[in-house]
Number of protein chains: 2
Amino acid sequence: MVRSAIADTALEALIRKLESTSDLTEEERRAIQKLPVSIRPLAPSQDLVADGERPVQCGLLVEGWSYRYKLLAEGRRQILSFHVAGDTPDLQSLHLDELDHGVAALTSCTFALIPHDSLRHLTRTFPDVAALLWRETLIDAGIFRAWIAAIGRRSAYGGIAHLFCELYLRQEAVGLAADHRCPMPVRQTDLADAMGLTSVHINRVLKEMRDADLITFERRELVIRDWKRLCDAAEFDPTYLHLKNLAA
Amino acid sequence: MVRSAIADTALEALIRKLESTSDLTEEERRAIQKLPVSIRPLAPSQDLVADGERPVQCGLLVEGWSYRYKLLAEGRRQILSFHVAGDTPDLQSLHLDELDHGVAALTSCTFALIPHDSLRHLTRTFPDVAALLWRETLIDAGIFRAWIAAIGRRSAYGGIAHLFCELYLRQEAVGLAADHRCPMPVRQTDLADAMGLTSVHINRVLKEMRDADLITFERRELVIRDWKRLCDAAEFDPTYLHLKNLAA
DNA sequence: CGAATGCTTGATCGGTCTCAAGCGAAGTGG
DNA sequence: CCACTTCGCTTGAGACCGATCAAGCATTCG
């Protein structure tokens with residue numbers, strides 16, 4: 001386990017995320033800060049963990065974007081969620097041995113890896129910290145539920161709008177975005193695999209949204225030109241994200 | 001809190017479910033048995049909890065079927081999951097105050113309600129029990145992920161086949177099904193709202209599956225006439241259910 | 001018996017897919 | 001510094017899966 005500045009930064013971010021919901025005691029904070037951490041940089045489309053693996057550690061995303069995915073026959077891919085700094089996309093491996101999906105880097109990104117052993121010891125010692133981590137996985141599940149409704153009962157237009165609303169708010173919540181603009185380093189094929197559509201159709205819908213002056217893109221950044229109308233198009237209700245400060 | 005035979009039965013079922021994964025100590029078992037429980041029968045399509053509510057208890061399904069759902073404009077409905085005896089469809093309310101979806105009865109059914117306070121006390125006292133309940137919610141999330149891939153990147157035929165595979169195995173795992181036949185009290189509209197399709201199309205696909213001699217229905221019971229071919233059509237991989245005894 | 005509910009089927013429509021081609025930007029190597 | 005390749009975005013034409021609208025039928029239940 002290498003102890004580095006980036007490791008400390010990662011754990012600070014984790015603490016801040018947990019404290020955004022609830023207070024930690026000094027003791028709990030210290031215990032988290034003392035977690036052993038190793039750093040793992042990933043190149044775009046490289047796997048953090050593959051489908052079927054049995055990880056012995058959890059990845060905390062420190063920088064860049066990653067995504068969860070499943071592969072099907074004939075090269076079909078379903079993206080299950082996108083992740084930004086502060087997320088822990090394989091936290092569930094703490095209690096489910098075998099992974100039912102892969103986690104890969106969307107952009108170049110950096111993970112902080114925390115051994116299961118240490119996390120289990122932490123959660124056994126501090127039930128309140130366990131509850132907070134549990135809560136993180138529950139919010140994750142809420143995001144999946146919203147994703148199901150986005151794909152299942154929304155038009156392509158509405159579903160994509162919903163995704164944009166979510167990704168903007170999640171980034172705003174952790175200080176990665178403001179002013180209705182946020183990083184959006186996804187390719188149109190990624191959007192397609194997220195929404196269960198083809199990239200050709202994604203392209204046409206995005207053009208429609210641009211023509212409607214809802215959004216624009218500026219160098220891998222999403223610019224939301226009319227937040228209210230975007231939310232309406234998405235039938236967006238942010239409850240499921242369980243954010244404290246809903247500035248937007 | 002009424003103490004009744006059905007309450008004891010409900011908690012026994014919960015204990016059996018938790019023990020199917022891991023062992024409980026005598027003390028833990030006793031603590032669960034002592035949980036206060038009230039019984040709540042529901043008529044078909046009646047809500048256990050509505051979207052936006054802040055429950056102060058969790059429902060353990062004792063008998064019958066229920067489902068999670070979200071409503072959208074113009075009467076659109078997305079069903080997020082189906083539930084059978086032993087499931088706890090609003091367990092997440094233990095750590096997420098506001099519900100982001102409704103839970104309703106599909107058939108007449110019975111819930112055992114356990115106060116959050118008692119569950120919190122239990123999980124704080126017994127970290128291993130907390131871990132097991134946490135695990136339940138993680139499997140739930142895995143089911144959502146599978147559902148996303150079923151809707152997003154499978155044909156109607158494949159998606160419905162996937163749903164049937166899942167619902168059969170989940171029932172088999174808790175002793176509610178065997179011999180490739182299981183209760184399936186869902187109407188075609190329910191299937192439609194689960195898969196993001198119309199009931200008309202569901203009807204046609206079911207006819208196709210019957211014609212292919214994959215399945216039949218006998219009085220609200222699904223009969224799987226060719227498990228292997230059904231799994232193939234579904235591209236079904238049961239890993240995500242994390243079942244111990246995969247007889248099928 | 002009538003009403004309600006859910007299943008079935010037909011005809012037609014439309015949203016999304018498929019196949020195909022062209023374009024621009026960003027590397028990469030000579 | 002300029003081919004050359006690669007990758008992602010864009011657009012068109014035609015096909016298809018699933019939606020919509022509509023009607024009839026069977027079963028259940030009051």
Side-chain angles (χ1 to χ4, degrees), chain A residues 43-46 65 67 72-79 105-108 150-161 163 183-212 215-222 233, chain B residues 43-46 65 67 72-79 105-108 150-163 184-212 215-222 233:
Chain A
S45 85
Q46 196 182 351
W65 281 47
Y67 63 96
L72 285 87
E74 294 134 46
R76 282 169 301 157
R77 179 180 66 154
Q78 175 69 49
I79 289 184
L106 186 74
T107 65
S108 301
I151 296 179
R153 277 290 180 237
R154 279 178 178 86
S155 63
Y157 196 96
I160 296 170
L163 186 56
M184 189 63 59
V186 298
R187 291 160 306 162
Q188 295 185 350
T189 18
D190 299 322
L191 283 180
D193 287 341
M195 305 299 307
L197 301 166
T198 58
S199 62
V200 173
H201 196 59
I202 291 284
N203 183 283
R204 294 189 165 117
V205 173
L206 287 182
K207 177 168 161 49
E208 236 186 292
M209 295 175 90
R210 269 185 266 114
D211 290 349
I215 58 161
T216 60
F217 281 90
E218 298 179 6
R219 279 159 293 116
R220 312 271 97 183
E221 260 205 354
L222 169 69
Chain B
S45 86
Q46 197 182 350
W65 280 47
Y67 62 96
L72 284 87
E74 293 135 45
R76 282 168 303 157
R77 178 181 67 155
Q78 176 68 49
I79 289 183
L106 185 72
T107 65
S108 301
I151 296 178
R153 277 290 180 237
R154 280 177 177 86
S155 63
Y157 196 96
I160 296 171
H162 195 275
L163 186 56
M184 188 63 59
V186 298
R187 291 160 305 162
Q188 296 185 351
T189 358
D190 299 321
L191 282 180
D193 287 342
M195 304 300 306
L197 301 167
T198 58
S199 62
V200 173
H201 196 58
I202 292 285
N203 183 282
R204 293 190 165 115
V205 173
L206 288 182
K207 176 167 163 49
E208 236 186 291
M209 296 176 89
R210 268 186 267 116
D211 290 348
I215 58 162
T216 60
F217 281 89
E218 298 179 7
R219 277 161 293 116
R220 312 272 97 184
E221 260 205 355
L222 169 70

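Just so it is clear, the model here is predicted, and its values are computed rather than measured. These values consider heavy atoms only, across backbone and side chains, with no hydrogens, waters or symmetry-generated copies.
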### Message
Give me the atom names and distance for the closest heavy-atom approach of B/Arg154 to B/Gly159.
### Response
CB-N, 3.8 Å

### Task
Round to a whole Å and report the spacing from CG of B/Leu197 to P of C/dG15.
17 Å

#### Entry: Gap between atoms CG and P, on B/Asp193 and D/dA19 respectively (whole Å)
11 Å

### Message
Which residue in the set A/Pro183, A/Pro44, A/Pro185 passes side-chain contact (heavy atoms from CB on, under 4.5 Å) when paired with A/Thr107?
### Response
A/Pro185

### Task
Provide, to the nearest angstrom, the distance between the CZ atom belonging to A/Arg187 and the C1' atom belonging to C/dA26.
15 Å

### Message
If the cut-off is 4.0 Å, is B/Asn203 near the phosphate of C/dC7, judged by side-chain N/O to OP1 or OP2?
### Response
no

### Task
Confirm from the modelled atom types if A/Arg204 and C/dG15 form a donor-acceptor pair under 3.5 Å, side chain to base only.
no

### Query
Can you name the closest pair of heavy atoms from A/Trp65 and A/Val186 and give their distance?
CZ3-CG1, 4.0 Å

### Query
Closest to the B/Lys207 side chain: D/dG12, D/dG18, C/dT9?
C/dT9

## Note on the structure
Rounded to 10°, the angle between the first-five-pair and last-five-pair axes of the helix from C/dC1-D/dG30 to C/dG30-D/dC1 is 40°

### Query
Please give, in whole Å, the distance from C/dC17 P to B/Arg153 CZ?
7 Å

### Closest non-hydrogen atom pair between B/Ala105 and B/Tyr67, with its separation
O-CE2, 3.6 Å

### Query
What integer distance in Å separates A/Tyr157:OH from C/dT16:P?
13 Å

### Message
Just the rounded figure in Å: distance from P of D/dC9 to CZ of A/Phe217.
### Response
9 Å

### Query
Reckon B/Gln188 has a side-chain N or O less than 4.0 Å from the OP1 or OP2 of C/dT8?
yes

### Query
Within the pair B/Arg210 and C/dT8, is there a side-chain N or O less than 4.0 Å away from OP1 or OP2?
yes

### Task
Taking all non-hydrogen atoms of both residues into account, name the closest pair between A/Thr198 and A/Ala192 and its distance.
C-CB, 3.5 Å

### Query
Over how many whole Å does the gap from B/Leu191 atom CG to C/dT8 atom P extend?
12 Å

### Query
With a 4.0 Å cut-off, would you call B/Asp190 and B/Arg77 a salt bridge?
yes

### Message
What is the separation between atom CG on B/Leu206 and atom P on C/dC7, rounded to the nearest whole Å?
### Response
9 Å

### Task
Report which part of the nucleic acid B/Gly159 touches: base, sugar-phosphate, or nothing (heavy-atom distance under 4.0 Å, all strands).
nothing

### Query
Looking across every strand, which nucleic acid part, if any, lies under 4.0 Å from A/Arg219 by heavy atom: base, sugar-phosphate, or nothing?
nothing

### Task
Report which part of the nucleic acid B/Val205 touches: base, sugar-phosphate, or nothing (heavy-atom distance under 4.0 Å, all strands).
nothing

### Task
Check whether any side-chain N or O of B/Arg153 sits under 3.5 Å from a backbone N or O of A/Gln78 as a donor-acceptor pair, and report yes or no.
no

